[in-house]
Enquirer: 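Dumping the structure here so I can ask a few things about it.
The model shown is predicted, which means the values in this text are computed figures rather than measured ones.
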Amino acid sequence: MKKIIILISLTVLLISSCQTVNISLPDKLRTMLIKNMEEDRSLNPLYREFRAAWFSTVANIDWPVKGGSENEQKKLIIKHLDTLYENNFNAVFVQVKPDAGVIFPSKINPTTRYFFGTDSKYEKDEYPFKTDMLEYIIDEAHKRNLEVHAWFNPYRMSLTYDKNKTYEEQFSKKNFIHTYVSNNLKPIHWYDNRIYLDPGEPISSKYIIDSVIEVVENYDVDGIHFDDYFYQNAAGGKTYKDWPDRVSAEKYGSKRGYDINNTSYDDYGVNGLYAWRRDNINRLVSDLYKEIKLRKPYVKWTISPAGVWRNNTKLSEYIGSKYGSDTKSYNPNFDALHADVLLWLLNGEKTSSLEKASDKDGLNRMYVDAVIPQVYWSSSHKTAPFDVITDWWVNEYKKARGTNTADLYIGHALYKMGRETNTEPWQNIELMSEQIDYIRKIGRGYIKGSSFFTMHSMYKKDRDSGDFGNLALKYIKENNYIFKAIVPTMNTMKNISEAPMKLENPSIKKVFGGIEISFTDPNEYKTDKYGHVLPSVSSYYVIYRETIGESGIELIDKIRRTNFNINSKVIYKDKTINSKNTYIYYVTALDRIHNESKYLKIIND
């Protein structure tokens, strides 16, 4: 296709009027710059990389402000979103349901206690603010071109429980516990003194799905997210073997062909109690995939499990697998939590690691769009090294055909920065950057990015990490995230890959303080029945810039579409120019799932 080129003689009259930003590009990044726009950028992390953080609400970890006013809640939201934007992140996992309560006005669930306090008595049926905080987060995040993934804790209903009080005395009327009990069911009071739903009860799954779908249908979220809570891990000296689900197992286990009296161990083809539990979780994850995609195929469904699938040798009560990682984890997903996260990554594909698995074990189903293992250790850790675990995930990915394989990102423990230990270098501010370098190198073509836990660790004088998390973040920006990046497209969304139409009518002129480019957008703004923009419609624009005489093209900015009329004019002012240089600009339109149009080329002379 013929490229559109505009030539303009441009002289900057006053050098002082230019707001020049001098970026010192490390050599390792300079070599990654593309030389022309025809090069494939899809695997180049300077241009395409998932960069996210978890925004935790449970126990007020990152937000909300306990007892804070509406304006105080908004102020902290903006602080967090600005921090992500300024450090060139492009996504955020917002914990919308940390237990039974939620951060938005819900017809299903009560308002989270964490707006007011931490005890269950602070859980409210009514919503306290005029502003819907989830809607506010989404709107403000999208202005900054940050994806918003609504993060749910599925089975946890309360972090506190007083066995000397009734449920009515402790929880609001809208708390699902009351419906649960009215069905002659007993919530599980685990040894961490928390209350959970039993995954074996069908009513638990229905409630979780209903809670998720309420958000999918009513909010313009980019994704739905679960973390690592399924069946609960060990607490108070008790393990999965002590989980009190005999009643649900007797009601439903044998009907599905499981021998619930077989409690020896779990593995593919061993149809005992633990395989039934694993099937309960598989069904929930797969059913959520179907329900989300039925309504909005473009909404991403992701899970961030604990870092270890299975150990490769037996450890205590956990039998492990020869295909597991060379680790000694006491929290392996498959054995301890009954969560077959490798099966989910593979979306039901049978690889050599799943050689004994059958359809009953969950083969031939779609599960998720991405898995984000929480690899919350350094490579110096003695029993779960970062490099060993990351290598294992990459090698498992390589075994798959890749037709429906979910995307793979890595979760990093920013919250551990500053810890004093003789075995792990958590006071090395380069550690997080080194982990990014590692996954970029060994994970090229397999690992598409990172997420960091948690937001509050990004600030100076943090209550846990002191200045170490902030310094680590600064080092990441200077050495890894030096430019903004586009979220990679997803392997599971290849069937919705139509890009927006190419932008048109370019122009360029000198202005006070920089260079102004403009173009028009021919894309019609289309929405679904929920009023949310569809794929293939332009949602934002990316500005690339090449300096004549220098090698490499930089991604200098991403700007949100704000005029939704066809052929609307978009004006962008580049304030980061050097008056002595001549530039070529390339501008593209991207849709909400980051399909990118052909570029429009603009030159000044």
Enquirer: Are Arg295 and Glu217 close enough for a salt bridge, meaning some N to O gap below 4.0 Å?
Expert: yes
Enquirer: Would you kindly say whether Thr327 and Ser329 are connected by a side-chain donor-acceptor distance under 3.5 Å?
Expert: no
Enquirer: Passes salt bridge (charged side-chain N to carboxylate O under 4.0 Å, His left out), Asp464 versus Arg419? Steps please.
Expert: CA-CA 8 Å; Asp464 296 327; Arg419 290 188 177 183; over 6 Å; no
Enquirer: Is the NZ atom of Lys241 crowded by more than 12 outside heavy atoms at less than 6.0 Å?
Expert: yes
Enquirer: Side chains of Tyr530 and Asp220 only: does a donor on one sit below 3.5 Å from an acceptor on the other?
Expert: no
Enquirer: Using modelled atom types only, decide if a donor and an acceptor are shared between the side chain of Asp242 and the backbone of Thr239 within a distance under 3.5 Å.
Expert: yes
Enquirer: What donor-acceptor contacts under 3.5 angstrom involve side-chain atoms of residues 50-61, with partners at least two apart or in another chain?
Expert:
unit_1 : atom_1 : unit_2 : atom_2 : d
Arg51  : NE     : Glu49  : OE1    : 3.0
Arg51  : NH1    : Asn88  : O      : 3.2
Arg51  : NH1    : Phe483 : O      : 2.7
Arg51  : NH2    : Pro45  : O      : 3.1
Arg51  : NH2    : Glu49  : OE1    : 3.4
Trp54  : NE1    : His225 : NE2    : 3.1
Ser56  : OG     : Asp62  : OD2    : 3.4
Ser56  : OG     : Thr454 : OG1    : 3.0
Thr57  : OG1    : Gln95  : O      : 2.8
Asn60  : ND2    : Pro64  : O      : 2.9
Asn60  : ND2    : Tyr114 : O      : 2.7

Enquirer: Do the side chains of Asp125 and Lys173 get close enough for a salt bridge, i.e. N-O under 4.0 angstrom?
Expert: no
Enquirer: Using the ring-ring contact (aromatic ring centres under 6.0 Å, His included) rule, take His338 and Tyr240 through it: C-alpha gap first, then chi angles, then the decisive distance, then the call.
Expert: CA-CA 9 Å; His338 311 301; Tyr240 68 97; 5.6 Å; yes
Enquirer: For Arg256 and Asp279, what are the C-alpha separation, side-chain angles and deciding distance, and is it a salt bridge (charged side-chain N to carboxylate O under 4.0 Å, His left out)?
Expert: CA-CA 10 Å; Arg256 296 217 302 263; Asp279 186 52; 3.0 Å; yes
Enquirer: Do Ser172 and Arg113 pair up side chain to side chain, a donor and an acceptor below 3.5 Å, judged on atom types alone?
Expert: no
Enquirer: Arg277: which residues meet the salt bridge (charged side-chain N to carboxylate O under 4.0 Å, His left out) condition with it, sequence neighbours left out?
Expert: Asp245
Enquirer: Tell me, please, which residues at least two apart from Asp192 pass side chain to side chain donor-acceptor pair (under 3.5 Å).
Expert: Tyr196
Enquirer: Output yes when Asp267 and Lys356 qualify as a salt bridge under the 4.0 Å nitrogen-oxygen rule, no when they do not.
Expert: no
Enquirer: Would you call the rings of Tyr207 and Phe176 parallel, tilted or perpendicular, taking 30° and 60° as the class edges?
Expert: parallel
Enquirer: If only side-chain N and O atoms count, and only distance matters, is there a donor-acceptor pair under 3.5 Å linking Glu214 with Ser106?
Expert: yes
Enquirer: At their closest point, which heavy atom of Leu76 faces which heavy atom of Val65, and how far apart are they?
Expert: CD2-CG2, 3.7 Å
Enquirer: Step by step, would you call Leu284 with Tyr155 a side-chain contact (heavy atoms from CB on, under 4.5 Å)?
Expert: CA-CA 11 Å; Leu284 174 67; Tyr155 295 105; 3.1 Å; yes
Enquirer: Side chains of Tyr446 and Asn395: do they bring a donor and an acceptor to under 3.5 Å?
Expert: no
Enquirer: State which residue, out of Phe226, Phe152, Tyr367, fulfils the side chain to side chain contact (heavy atoms under 4.5 Å, CB included) condition with Leu288.
Expert: Phe226
Enquirer: Any chance you could lay out the salt bridge (charged side-chain N to carboxylate O under 4.0 Å, His left out) test for Asp198 and Lys186, step after step, and finish with the verdict?
Expert: CA-CA 9 Å; Asp198 181 358; Lys186 185 178 180 181; over 6 Å; no
Enquirer: Which is it for Tyr231 and Asn280 under the side chain to side chain donor-acceptor pair (under 3.5 Å) test, yes or no, and what are the steps along the way?
Expert: CA-CA 10 Å; Tyr231 280 88; Asn280 291 331; 3.1 Å; yes
Enquirer: Does the side chain of Tyr459 come under 3.5 Å of the side chain of His80 through a donor N or O and an acceptor N or O?
Expert: yes
Enquirer: Within 45 degrees of the ring normal and closer than 6.0 Å to the centroid, is that where the cationic atom of Lys293 sits relative to Tyr298?
Expert: no
Enquirer: Judged by modelled atom types alone, do Ser465 and Asp462 share a side-chain donor-acceptor pair under 3.5 Å?
Expert: yes
Enquirer: Using the six-membered ring of Phe116, assess whether NZ or CZ of Lys66 lies under 6.0 Å from its centre and within 45 degrees of the ring axis.
Expert: no
Enquirer: Can you name the one residue among Trp392, Trp344, Tyr323, Tyr318 that meets ring-ring contact (aromatic ring centres under 6.0 Å, His included) with Trp309?
Expert: Trp392
Enquirer: Return the set of residues passing side chain to side chain donor-acceptor pair (under 3.5 Å) with Trp301 (not counting sequence neighbours), or none when no residue passes.
Expert: none
Enquirer: Between Val375, Asn331, Ile389, which is the residue that forms a side chain to side chain contact (heavy atoms under 4.5 Å, CB included) with Val308?
Expert: Ile389
Enquirer: Tell me yes or no: between the side chains of Ser353 and Glu396, is some donor less than 3.5 Å from an acceptor?
Expert: yes
Enquirer: Classify the side-chain pair Ser211/Asn109 by whether it contains a donor and acceptor separated by less than 3.5 Å.
Expert: yes
Enquirer: Could you pull out all residues at least two apart from Lys494 that satisfy side chain to side chain donor-acceptor pair (under 3.5 Å)?
Expert: Asn491
Enquirer: If you measure from the Lys or Arg side-chain nitrogens to the Asp or Glu carboxylate oxygens, is any gap between Lys206 and Asp210 under 4.0 Å?
Expert: yes
Enquirer: For the residue pair Arg310 and Phe334, would you count it as a cation-pi contact if the rule is NZ or CZ under 6.0 angstrom from the ring centre and within 45 degrees of the ring axis?
Expert: yes
Enquirer: Out of Tyr122, Trp63, Phe104, which residue meets the ring-ring contact (aromatic ring centres under 6.0 Å, His included) rule with Phe115?
Expert: Trp63
Enquirer: Can you name the one residue among His142, Lys300, Arg592 that meets side-chain hydrogen bond (donor to acceptor under 3.5 Å, both in side chains) with Glu147?
Expert: Lys300
Enquirer: So, using ring-ring contact (aromatic ring centres under 6.0 Å, His included) as the criterion, who are the partners of Tyr136 when residues are at least two apart?
Expert: none
Enquirer: Stepwise, does the ring-ring contact (aromatic ring centres under 6.0 Å, His included) test hold for Tyr274 with Tyr265?
Expert: CA-CA 7 Å; Tyr274 308 133; Tyr265 66 95; 9.0 Å; no
Enquirer: Where do Thr492 and Asp369 land on the side chain to side chain donor-acceptor pair (under 3.5 Å) test, with the steps shown first?
Expert: CA-CA 6 Å; Thr492 52; Asp369 293 304; 2.5 Å; yes
Enquirer: May I ask you to check whether Lys296 and His532 show a side-chain donor-acceptor distance below 3.5 Å?
Expert: yes
Enquirer: Please state whether the rings of Phe386 and Tyr438 are parallel, tilted or perpendicular, taking 30° and 60° as the class boundaries.
Expert: perpendicular
Enquirer: Kindly check if the number of other-residue, nucleotide or ligand heavy atoms within 6.0 Å of CZ (Arg463) is above 12?
Expert: yes
Enquirer: In terms of side-chain geometry, is the basic nitrogen of Lys251 or Glu201 positioned less than 4.0 Å from the acidic oxygen of its partner?
Expert: yes
Enquirer: Test side-chain contact (heavy atoms from CB on, under 4.5 Å) on Ser204 and Tyr180 and set out the steps.
Expert: CA-CA 8 Å; Ser204 300; Tyr180 201 76; 3.4 Å; yes
Enquirer: Is it possible for you to check whether Lys416 lies under 6.0 Å from the centre of the six-membered ring of Phe453, through NZ or CZ, and within 45° of that ring's axis?
Expert: no
